[in-house]
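Data first, discussion second: the structure below is written as structure tokens.
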Number of protein chains: 2
Amino acid sequence: MIKRTSQDIRRLNRFEVLRRVYAGPGAMSRQDLAAATGLSFATVANLTAELLEAGVLVEAGHEESGGGRPRARLAVNAERGALIGVDIAETSVHAELFDLALSVRHSVERPLPPGDVRPADVVDTLAGAVEELLAASGTDRSRVLGAGVSVPGMVEREGGVSSFSPYWSWHEVPLRALLDERLGLPLWLDNPLRASTVAEMWFGAGREVDDLVVLTLRAGVGAGIAIGGQLHRGFTNSAGEWGHTCLALDGRLCTCGNRGCVEAYVSLRGIAGTWRELAPGDERAAGPDDAATVAALARAADADEPVAAAVVERTARYLGAAVANLVNLVNPQVVVVGNQVVDLLGERLLPAAYEAVGRHALALPHRAATLRRSAVPHNPVTRGAATFALEGFLDDREVFGPVSRMRKAAKGGGAAGG
Amino acid sequence: MIKRTSQDIRRLNRFEVLRRVYAGPGAMSRQDLAAATGLSFATVANLTAELLEAGVLVEAGHEESGGGRPRARLAVNAERGALIGVDIAETSVHAELFDLALSVRHSVERPLPPGDVRPADVVDTLAGAVEELLAASGTDRSRVLGAGVSVPGMVEREGGVSSFSPYWSWHEVPLRALLDERLGLPLWLDNPLRASTVAEMWFGAGREVDDLVVLTLRAGVGAGIAIGGQLHRGFTNSAGEWGHTCLALDGRLCTCGNRGCVEAYVSLRGIAGTWRELAPGDERAAGPDDAATVAALARAADADEPVAAAVVERTARYLGAAVANLVNLVNPQVVVVGNQVVDLLGERLLPAAYEAVGRHALALPHRAATLRRSAVPHNPVTRGAATFALEGFLDDREVFGPVSRMRKAAKGGGAAGG
DNA sequence: GATTCTTCTTCCAACCCTTCGAATAAGATC
DNA sequence: GATCTTATTCGAAGGGTTGGAAGAAGAATC
């Protein structure tokens with residue numbers, strides 16, 4: 001049984017308050033925060049005091065006042081430290097350095113050799129990218145509060161062992177051990193599905209909503225599930241493998257070895273496959289780079305080629321049915337779709353997919369769910385990875401201890417000068 | 001945002017302690033409870049004191065002691081009151097009266113007319129069954145702590161409106177209003193999926209496990225999802241409609257109007273349909289009563305008829321793939337299967353289905369999940385419905401107030417005599 | 001039969017968290 | 001400069017859990 005203590009409440013409230021500050025259009029007053037979180041005034045003052053003391057928030061001027069004391073504006077202190085987010089994908093490693101306000105300060109992308117990449121190669125590439133990030137941005141390592149790394153496949157978080165990779169023949173690779181040494185930074189490992197979801201919870205649709213499903217559609221596809229404002233990880237941190245649920249029994253062969261998986265139809269490769277099916281002769285559909293193929297498809301569709309429209313139409317149907325499965329099973333308030341497939345085909349694909357969801361889902365859960373395109377700026381995976389590091393920092397007991405410590409400190413030290 | 005207060009912690013701990021008492025092989029000592037829940041000794045003493053005062057627990061003798069003060073045994077006080085659980089199914093209403101130890105004291109089953117039943121008919125039948133229950137068991141209405149009612153389809157709990165029924169053409173039926181008046185009992189409404197799941201959480205596999213999926217397989221099929229020891233309801237209390245997720249695109253027509261739903265293959269009707277498909281001439285497969293048809297199928301399989309074996313084999317494959325979808329998506333620790341389909345075909349169906357899950361699920365979530373046949377005694381739906389009433393009673397602020405009230409009461413009243 | 005042991009329970013004080021309400025602070029306005 | 005008006009801080013109270021001391025209850029022993 002999971003122990004629940006009053007400190008968990010405080011931790012969640014701390015997260016909640018800070019999430020609202022990030023979510024807000026700019027700086028927010030304590031009043032706004034109390035209204036937004038539903039917490040009492042005193043509690044908000046309490047939590048913000050703690051965050052101010054830790055340097056995470058700063059006072060940023062005052063609001064206009066029509067008589068009476070003006071409200072202080074609180075904003076995230078971007079300069080408090082840096083966060084690193086890394087997205088390990090099939091063909092490249094994308095690393096970004098964020099400030100604490102989660103603005104991108106520097107970005108590096110390094111290719112991975114094609115074929116079966118060894119763990120050591122990935123570690124080298126990653127470590128190199130991080131060094132470049134630090135050097136180019138002139139950031140001292142000590143200012144980095146943590147690094148989040150998204151690894152495709154399934155990762156055991158604590159041990160940091162990658163037990164399955166969809167692209168490479170990895171087997172029980174002790175990633176944490178390999179990276180810890182090289183990076184010398186607080187490290188947070190997980191997969192792209194959960195990274196995107198956390199990004200969405202802090203900076204996207206999840207700001208307003210507590211039950212959502214986040215679909216990541218690129219070379220691999222999958223879902224992140226957040227329930228009651230909490231990410232659902234599953235018993236072995238491998239929940240959300242929607243890409244490998246069966247949509248068409250005895251259907252198309254999937255990379256996982258099974259048939260009829262969702263991923264075989266709506267991933268970049270799956271869409272390319274549909275194009276090949278519908279236009280057997282077309283050599284634009286035959287290239288080895290699926291992202292390029294889908295980009296070509298988008299151009300063909302823009303040129304009103306009927307076959308391209310048919311491919312998009314079919315894909316929308318697959319996607320709609322698969323999303324409807326999620327809607328029926330999870331009954332979320334919002335379904336967010338994002339990443340390469342959406343970036344390339346969004347305008348054409350999504351309206352048709354939305355319509356297909358309506359045909360396949362039951363009326364009540366369908367009415368309850370809104371479908372949205374991801375509004376998280378930039379790459380949601382690197383941002384989500386950095387968010388893991390942010391969450392880790394906010395959980396740091398050295399920085400955010402129990403309140404009694406604060407009281408003692410306040411008594412011991414003098415009053416802070418204005 | 002959901003407010004979290006320290007009272008929620010206490011509420012959850014109260015549930016947890018009581019669940020362990022129900023789960024235990026008999027009476028349990030406070031020591032056992034502390035060990036089982038992970039709570040401190042003082043807290044367990046605190047909570048049990050409260051439950052003893054409310055009459056929910058009683059001291060039931062002492063354990064043997066090899067020197068030292070013997071441990072007091074605590075047991076549920078069956079006589080504290082009665083609970084009623086009602087299962088409204090397609091063709092009948094099944095009502096049962098339980099004591100507080102959740103033993104069945106009396107059981108009534110009344111048929112519903114075939115065809116499109118009106119809400120008033122169901123309400124009449126239900127009210128009649130409850131009256132019979134009370135009369136036959138000699139239970140005074142005032143001793144009934146609450147009644148839980150399982151309604152097929154989708155029910156909005158607070159308003160008690162049934163917005164969709166799979167069998168009847170109901171539309172926004174205000175069930176709570178209709179029943180409140182007739183029953184005059186605290187009333188708890190939900191659907192059979194969630195009822196079975198709650199039964200499993202208190203009295204079945206959920207006793208040991210916090211993340212589980214409970215599959216109800218009868219005329220309709222669906223899943224109940226419990227995460228972190230909490231039932232997942234979804235945004236509109238309609239999560240778990242696994243029966244209407246698409247397993248075979250463009251597949252068999254389902255009662256919901258879609259094609260290829262899981263329910264079209266693994267419900268009683270679906271299995272009968274598979275039999276008709278494989279043995280077009282066989283009139284045993286052609287009857288209108290699906291439960292009877294599946295019972296006949298079981299007999300045919302027992303008689304080693306090859307076609308019957310083939311039907312079971314196919315069904316196992318459908319079921320296995322559909323369960324694998326759940327395993328991949330939710331990554332639970334346990335999947336429980338139960339109800340009529342399992343009762344009739346369990347021995348033959350489940351081993352093959354388990355094997356099919358292994359073929360379809362990803363390795364890591366598959367290894368993490370164990371599949372079990374439901375071990376909840378008797379009808380899990382009536383028991384689950386009664387459990388809703390039990391949970392409601394345990395949430396009653398009149399009975400279980402904040403601790404400070406207890407202190408005051410203890411001060412006001414004298415010490416209890418030994 | 002009294003004493004000693006051993007173990008269970010209860011009780012108390014300490015600690016964590018939120019929240020109400022009074023007191024204090026800080027500008028705007030007259 | 002006095003008076004409003006609104007924000008913020010502060011202290012006490014209320015709801016929880018928990019470790020440890022003190023009390024209670026049998027078993028074993030002398």
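Proteins come first, then strands; the chains are lettered A, B, ... in the order of their sequence lines, and each starts at number 1.
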### Query
How close or far is atom C1' of C/dT18 from atom CZ of A/F41, stated in whole angstroms?
15 Å

### Query
Nearest of D/dT8, D/dG15, C/dT19 to any side-chain atom of A/T43?
C/dT19

### Nearest to side-chain heavy atoms of B/R10, which nucleotide of D/dG16, C/dT19, D/dA7
D/dG16

### Side-chain N or O of A/S6 closer than 4.0 Å to phosphate OP1/OP2 of C/dC17
no

### Message
Please find the pair of heavy atoms, one from B/T197 and one from B/V214, that lie closest to each other, and give the distance.
### Response
OG1-CB, 3.7 Å

### Message
Between A/R19 and A/E391, does any side-chain N to carboxylate O distance fall below 4.0 Å?
### Response
no

### Message
Rounded to whole Å, please give me the gap between CG in B/L74 and C1' in C/dT9.
### Response
12 Å

### Query
Once each nucleotide of nucleotides 21-27 of chain C is scored for protein heavy atoms under 4.0 Å, what B/S/- sequence comes out, 5' to 3'?
----BBB

### Task
State which residue, out of A/V198, A/L83, A/V376, fulfils the side-chain contact (heavy atoms from CB on, under 4.5 Å) condition with A/R383.
A/V376

### Length of the line joining A/E50:CD and D/dT9:C1', which is rounded to integer Å
16 Å

#### Entry: B/R207 to B/F203, cation-pi by 6.0 Å centre distance and 45° axis angle
no

### Query
Does A/S29 or A/T5 map to a spot on DNA chain D nearer the 5' end, using the closest nucleotide for each?
A/S29

### Task
Locate the shortest heavy-atom distance separating A/H62 from A/R73; write the atom from each residue and the value.
O-NH2, 3.3 Å

### Query
Within this structure, what is the CD-to-C1' distance between B/Q31 and C/dT10, rounded to whole angstrom?
13 Å

### Message
Just the rounded figure in Å: distance from P of C/dC8 to CD of B/E59.
### Response
14 Å

### Query
Can you tell me if the side-chain N/O atoms of A/N13 get under 4.0 Å from OP1 or OP2 in C/dC17?
no

## Note on the structure
Comparing nearest nucleotides in DNA chain D, the 5'-proximal residue of the pair A/R71, B/Q7 is A/R71

## Note on the structure
Separation of D/dT9 atom P from A/L52 atom CG, nearest Å, is 9 Å

### Task
Can you tell me which residue pairs pass the salt bridge (charged side-chain N to carboxylate O under 4.0 Å, His left out) test with a partner in residues 226-240 of chain A, sequence neighbours excluded?
A/D190-A/R233

### Query
Where the side chain of A/A72 is defined as all heavy atoms beyond and including C-beta, which of D/dT18, C/dT19, D/dT8 is the nearest nucleotide?
D/dT8

### Task
Look at the side chain of B/D211 and the backbone N and O of A/G234, then say whether any donor-acceptor pair between them is shorter than 3.5 Å.
no

#### Entry: Per A/I9 side chain, nearest of listed nucleotides C/dT9, D/dT9, C/dC17
C/dC17

## Note on the structure
Of B/R30 and A/D8, the one whose nearest nucleotide on DNA chain C sits closer to the 5' end is B/R30

### Query
If you measure only the distance, is there a donor-acceptor pair under 3.5 Å linking the side chains of B/N46 and B/T43?
no

### Query
Nearest-Å distance, CG (A/L47) to C1' (D/dC10)?
16 Å

### Query
So how far off straight is the helix from C/dG1-D/dC30 to C/dC30-D/dG1, going by the axes through five pairs at either end, to 10°?
30°

### Task
Kindly give the heavy-atom pair with the smallest separation between B/A195 and B/A385, and that separation in Å.
CB-N, 3.9 Å

### Task
Apply side-chain contact (heavy atoms from CB on, under 4.5 Å) to the pair B/R80 and B/V58, showing each step before the final yes or no.
CA-CA 10 Å; B/R80 172 64 175 78; B/V58 283; over 6 Å; no

### Message
Without decimals, in angstroms, what is the distance between B/N46 CG and D/dG15 P?
### Response
13 Å

